[in-house]
Amino acid sequence: MATAAASTMASLQLKSSLTSSLRGGLVPLKGVCGSPFRVLPSKRSNSSSFTIKAIQADKPTYQVIQPINGDPFIGSLETPVTSSPLIAWYLSNLPAYRTAVSPLLRGIEVGLAHGYLLVGPFVKTGPLRNTPYAGEAGSLAAGGLVAILSLCLTIYGISSFKEGDPSIAPSLTLTGRKKEPDQLQTADGWAKFTGGFFFGGISGVIWAYFLLYVLDLPYYVK
């Protein structure tokens, strides 16, 4: 009991001496070192600071290129070229985008253009271009390329579309307007398109040969 009381009194005296020493500025540590430590009062830093704040403009700036309909998840951009009325009118009148026309007629239109334009390059650059048979050889080569392209279209249709499945084309426009799905994106529609392409391509080749070598019109490609 006497030992506990003595230790309690010693701790109280030590606390009181530390408190008085801190108030005076000197802390004498006897038995550790001879020179006392000086406790300096803490000083708050007076360094200047600044804050950056984002200020919103009064009028929003116009973006030339932006996501279509303001939705970045569509994966398409609106530019002055792709969003102009002239370009939209031109693209909407291409055979691939005229959904109101049957796939057969669209294939015939695409095939006519390809078959008619393929004759000239084969006539002028074919291996028999310097012979009297340049026209016949070029026309046959163009017809052969139309047949190869038709075969490629058939392979693509078999591998991409299943018989009886609905159209995989979207039923909504980019503006949210409902439309009928394009029947070209079905097995039956693609088969009609391929048949129309073959018929139109061969017809275009025959028509070009007829104009060049039957009517004997003065074309440069002869």
- Query: So, do F198 and T154 sit near enough that their side-chain heavy atoms are less than 4.5 Å apart?
  - Reply: no
- Message: For F161 and Y156, take the angle between the two ring planes, folded into 0 to 90°, and tell me which bin it lands in: parallel under 30, tilted 30 to 60, perpendicular over 60.
- Response: perpendicular
- Would you confirm whether R129, through its side chain, and A134, through its main-chain N or O, come within 3.5 Å as a donor-acceptor pair? no
- Query: Does a side-chain heavy-atom distance below 4.5 Å link E109 with R98?
  - Reply: yes
- Query: Once you round to the nearest 0.5 Å, how far does CD1 of I155 lie from OG of S160?
  - Reply: 11.0 Å
- Message: If you compare all heavy atoms of E78 against all heavy atoms of P67, which two are closest, and at what distance to 0.1 Å?
- Response: OE1-O, 4.1 Å
- Rounded distance [0.5 Å steps], CD1 in I87 versus OG1 in T79: 9.0 Å
- Message: For a quick test of reading the model, state the closest non-hydrogen atom pair linking Q183 to T186 and the distance between them.
- Response: O-OG1, 2.6 Å
- Heavy atoms, side chains only, cut-off 4.5 Å: are Y133 and L140 in contact? no
- State, yes or no, whether a side-chain contact exists between W89 and N93 at a heavy-atom distance under 4.5 Å. yes
- Item | Non-hydrogen atoms of G189 and P103 that approach each other most closely | O-CB, 3.3 Å
- Between W190 and L153, what is the shortest heavy-atom contact and its length? NE1-O, 2.8 Å
- Spatial distance of atom CZ (R106) from atom CG (L184) [nearest 0.5 Å]: 5.0 Å
- Message: Taking the side chain as everything from C-beta on, heavy atoms only, tell me whether I108 gets closer than 4.5 Å to F197.
- Response: no
- Query: Of all heavy-atom pairs between V146 and G115, which one has the smallest distance, and what is that distance?
  - Reply: CG2-CA, 4.3 Å
- Shortest non-hydrogen contact from A141 to F122? CB-CD2, 3.5 Å
Determine all donor-acceptor pairs shorter than 3.5 Å in which one atom belongs to a side chain in residues 200-210; sequence neighbours excluded.
residue : atom : partner : partner atom : Å
S203    : OG   : F199    : O            : 2.7
Y209    : OH   : E136    : OE2          : 3.1

